[in-house]
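We use all heavy atoms of the structure for the numbers below, so side chains are in, but hydrogens, waters and symmetry mates are not. We name chains A, B, ... by the order of the sequence lines, and we start the count at 1 in each one.
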Protein chains: 2
Amino acid sequence: MVAAAAGVSRATVSRVVNASPRVTESVVAAVNDAIARLNYVPNRAARSLASRRTQVIALVVPETTAKLFSDPFFASVIQGIAMALADTDFTLNMLISSETRSEKTRRYLLGGNVDGAIVVSHHSGDHSYAQLGQSLPIVFGGRPLLASESGSYFVDVDNAAGAAVATEHLASRGSRHIATIAGPQDMPPGLDRLAGWRHALALRGLDDSLWEVGDFTPESGAEAMRRLLARGRPIDGLFAANDQMAAGAYSVIHEHGLSIPGDIRVAGFDNNYFGSTAVPALTTIDQPSAELGAKMAEVLVKLIERQSVERVTLMSTRLVERASTAP
Amino acid sequence: MVAAAAGVSRATVSRVVNASPRVTESVVAAVNDAIARLNYVPNRAARSLASRRTQVIALVVPETTAKLFSDPFFASVIQGIAMALADTDFTLNMLISSETRSEKTRRYLLGGNVDGAIVVSHHSGDHSYAQLGQSLPIVFGGRPLLASESGSYFVDVDNAAGAAVATEHLASRGSRHIATIAGPQDMPPGLDRLAGWRHALALRGLDDSLWEVGDFTPESGAEAMRRLLARGRPIDGLFAANDQMAAGAYSVIHEHGLSIPGDIRVAGFDNNYFGSTAVPALTTIDQPSAELGAKMAEVLVKLIERQSVERVTLMSTRLVERASTAP
DNA sequence: GTGAAAGCGCTAACAG
DNA sequence: CTGTTAGCGCTTTCAC
């Protein structure tokens with residue numbers, strides 16, 4: 001180790017690099033100076049081999065969700081993770097784990113190649129990696145679908161609260177027959193946003209039977225809207241569980257010669273450009289996606305460093321009012 | 001190394017793991033069996049320390065492009081990289097490198113922490129990391145802006161050809177006064193798409209003075225369209241250098257009481273949902289984004305393994321015809 | 001507070 | 001073809 005040419009031993013240099021408290025100040029300065037001068041960069045491999053810590057965090061992305069990236073929300077979450085980690089000594093290792101290789105992923109994770117993992121999936125309820133949580137620090141994006149897996153650490157957005165806010169907003173603007181296009185009922189966001197809609201209607205004493213299920217795609221939103229209108233009952237408000245489905249619903253509403261917000265006020269959830277570029281611009285619920293990712297990274301790092309952390313972190317949402325719910 | 005309990009030496013196990021050709025078949029079988037039985041996973045750190053190869057590839061993302069992820073094109077490129085790498089033993093390490101830390105990134109890359117790097121940026125012409133190419137295998141996404149940096153390896157989409165195809169398509173549908181909203185003229189895609197538009201018009205002997213520059217955002221597209229219309233000259237065709245700007249132009253065209261494609265046929269570039277969700281749906285040029293990423297990974301891996309590769313790889317585009325250019 | 005010595009788990013010559 | 005012998009560059013007891 002050349003830096004030892006700073007007049008000290010390799011061990012001391014190591015201490016300085018690792019910010020050990022028990023090193024004389026003058027020595028620290030001398031070593032740091034030498035490090036800068038020699039352009040020294042510690043070798044990660046050697047370091048982890050000796051310390052038995054890898055400084056690597058895995059980002060597990062179930063491949064069935066190859067579309068993951070095409071969803072701006074997740075892209076943003078991942079960005080948040082990357083940004084948060086950039087301030088630490090941890091490195092991000094993306095694992096696209098297809099179903100056929102999930103066993104391989106599992107072994108890789110347990111093989112001492114990473115210090116912890118972040119699991120992000122469209123099927124965020126899928127905590128099938130939850131069991132690993134006992135052998136390796138893991139943080140999930142999204143609450144588990146099953147209560148039985150509630151032992152895991154996770155960061156989630158408060159879906160129910162957000163949905164309730166959007167619904168109440170529609171009501172406050174005057175809508176009385178508020179329908180919803182819910183997400184898949186086997187995914188927590190699908191369930192929770194429907195529950196939030198119900199909750200808000202209950203508080204107002206409004207009817208909560210006007211709901212159809214979609215799969216978060218624009219097409220499914222259009223179909224669901226078609227089914228809702230086919231019921232022949234009055235509808236003057238719509239809460240779509242995401243902006244994509246709201247966009248799909250838009251086209252059907254227009255097809256039927258109805259206007260937004262004139263005949264039907266519409267609110268979505270996610271705040272992405274499906275909503276912002278729609279005409280009229282869509283009122284929606286904004287999720288702090290990058291912050292969510294950053295929080296996941298933060299929780300994981302604490303977990304790895306054995307600091308105490310909450311098992312559950314819920315991030316709050318924000319209503320973004322736009323033309324689609326004008327009074 | 002427990003697997004040595006398969007009756008052979010550590011060295012032999014190593015050979016089997018690394019698929020060395022000179023090992024007796026029966027021995028290979030025995031070792032593999034033991035590996036499976038003992039659930040053995042090689043330690044990456046030890047491996048790279050000994051072999052002096054890290055099996056890590058850096059994905060460098062200049063942070064000035066924090067919006068990088070919000071662009072579906074790049075998200076898809078990154079996905080392609082990740083997918084391609086999943087089939088190899090290489091691991092992806094994302095580096096969000098802010099300007100202030102670019103020196104740190106540089107040192108990290110040269111510090112023996114990675115075997116190679118992929119640089120992806122909005123300012124794809126920025127090959128400021130190009131110099132590193134001499135000490136470390138590097139592949140860039142997008143051609144360099146300066147010819148002087150042409151020594152680097154890069155994978156790019158054939159922007160000029162795509163733009164020409166879109167423009168010729170407008171002409172073939174009957175447009176004779178074809179304008180363009182170009183991208184920034186300090187970015188290769190901005191330059192090349194403008195050049196492609198010019199080229200196509202030249203072949204037809206059409207006027208090529210109708211152009212304005214935008215910055216790839218919808219807002220800039222709207223402003224550019226406003227300026228184009230303000231010229232007071234006839235326009236019956238528009239090629240926007242990306243779908244976002246085309247979307248921006250849409251609103252201005254409609255504001256002016258003009259119809260698409262009735263009065264003006266419009267074509268974009270990128271094929272993302274700005275175009276597919278626009279009304280009428282936008283004819284555009286599709287880029288094989290995921291394949292582009294995959295190709296970058298492939299080229300880099302070959303470079304690392306000292307196989308021969310082309311310095312330049314151009315991927316071809318595809319015209320996606322939609323309502324905005326109906327005859 | 002600092003140095004010396006002993007590995008971390010694996011690969012890479014070099015002999016056999 | 002396979003075993004032996006050395007390290008890879010760093011952290012970490014354990015003395016001093």
Side-chain angles (χ1 to χ4, degrees), chain A residues 1-36 38-56 89-91 107-115 304-306, chain B residues 1-35 38-56 89-91 107-115 136 304-306:
Chain A
M1 192 197 277
V2 263
V8 296
S9 74
R10 299 149 38 89
T12 301
V13 173
S14 175
R15 291 190 182 100
V16 172
V17 170
N18 294 291
S20 162
R22 38 191 176 183
V23 185
T24 316
E25 256 187 63
S26 62
V27 176
V28 173
V31 172
N32 278 327
D33 179 63
I35 287 181
L38 277 53
N39 230 315
Y40 166 75
V41 181
N43 178 303
R44 251 197 145 79
R47 224 219 265 235
S48 40
L49 185 55
S51 65
R52 321 187 59 47
R53 282 175 310 128
T54 65
Q55 295 296 95
V56 172
D89 272 332
F90 288 94
T91 249
R107 279 179 32 180
Y108 180 79
L109 292 178
L110 293 181
N113 295 300
V114 301
D115 289 345
I304 291 173
E305 291 173 347
R306 299 174 180 291
Chain B
M1 192 198 278
V2 263
V8 295
S9 75
R10 298 149 39 90
T12 301
V13 173
S14 175
R15 291 189 182 98
V16 172
V17 170
N18 293 292
S20 161
R22 37 189 179 185
V23 184
T24 318
E25 256 189 63
S26 63
V27 177
V28 173
V31 173
N32 278 328
D33 180 63
I35 286 180
L38 276 54
N39 229 316
Y40 166 75
V41 180
N43 178 304
R44 253 197 141 80
R47 223 215 266 233
S48 39
L49 185 56
S51 65
R52 320 187 62 44
R53 282 176 309 128
T54 65
Q55 295 297 94
V56 173
D89 273 332
F90 288 93
T91 249
R107 279 177 34 181
Y108 180 80
L109 292 178
L110 293 180
N113 296 300
V114 302
D115 289 345
L136 185 79
I304 291 173
E305 292 174 347
R306 298 172 180 294

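With D:dT11, D:dC8, C:dT2 as the choices, the nucleotide that has an atom nearest any side-chain atom of A:Thr12 turns out to be C:dT2. Across D:dG3, D:dC10, C:dG3, the shortest atom-to-atom separation from the side chain of A:Val8 is found for C:dG3. Of the candidate nucleotides D:dT12, C:dA12, C:dC10, C:dC10 has the atom lying nearest to any side-chain atom of B:Pro42. Of the candidates C:dA6, D:dT2, C:dG9, C:dG9 carries the atom nearest the B:Ala46 side chain, counting heavy atoms from C-beta on. For B:Leu49, whose side chain is taken as the heavy atoms from C-beta onward, the closest listed nucleotide among C:dC10, D:dC8, D:dC10 is D:dC8. Side chain of B:Thr24, nearest nucleotide from D:dT12, D:dT2, D:dC10: D:dT2. Distance from the side chain of B:Val23 is smallest to D:dT2 among C:dG1, D:dT2, D:dC10.
Within the 4.5 Å cutoff, side-chain heavy atoms of A:Val114 are placed close to those of A:Leu109. A 4.5 Å side-chain heavy-atom check between A:Thr12 and A:Val23 finds at least one atom pair inside the cut-off.
Residue B:Ser9 places at least one side-chain N or O under 4.0 Å from the OP1 or OP2 atom of D:dG3. Not one side-chain nitrogen or oxygen of B:Ser51 sits closer than 4.0 Å to the OP1 or OP2 atom of C:dT11.
Heavy atoms of other residues, nucleotides or ligands lying less than 6.0 angstrom from CG of B:Asp89 number 12 at most.
With rounding to the nearest 0.5 Å, the separation of OG1 in B:Thr91 from CZ in B:Arg44 is 4.0 Å.
Between the CZ atom of A:Arg22 and the C1' atom of D:dT13 there is a distance of 10 Å, given to the nearest Å. The nearest whole Å value for the distance from the CG atom in A:Leu38 to the C1' atom in D:dG9 is 15 Å. Taking atom CZ of residue A:Arg47 and atom P of nucleotide C:dG9, one finds them 18 Å apart after rounding to whole Å. Following rounding to the nearest Å, B:Arg52 (CZ) and C:dA13 (P) show an atom-to-atom distance of 11 Å. Whole-Å rounding puts the A:Arg10 CZ to D:dT11 C1' distance at 9 Å.
Heavy atoms of A:Val17 sit nowhere under 4.0 angstrom from any nucleic acid atom.
Mapped onto DNA chain D by nearest heavy atom, B:Glu25 and A:Ala50 fall at different nucleotides, with B:Glu25 at the one closer to the 5' end.
Contact annotation: side chain of B:Arg15 to base of D:dG3, donor-acceptor pair present below 3.5 Å.
Considering A:Thr54, A:Ile304, A:Val56 in turn, A:Ile304 is the only one that fulfils the side chain to side chain contact (heavy atoms under 4.5 Å, CB included) rule with A:Phe90.
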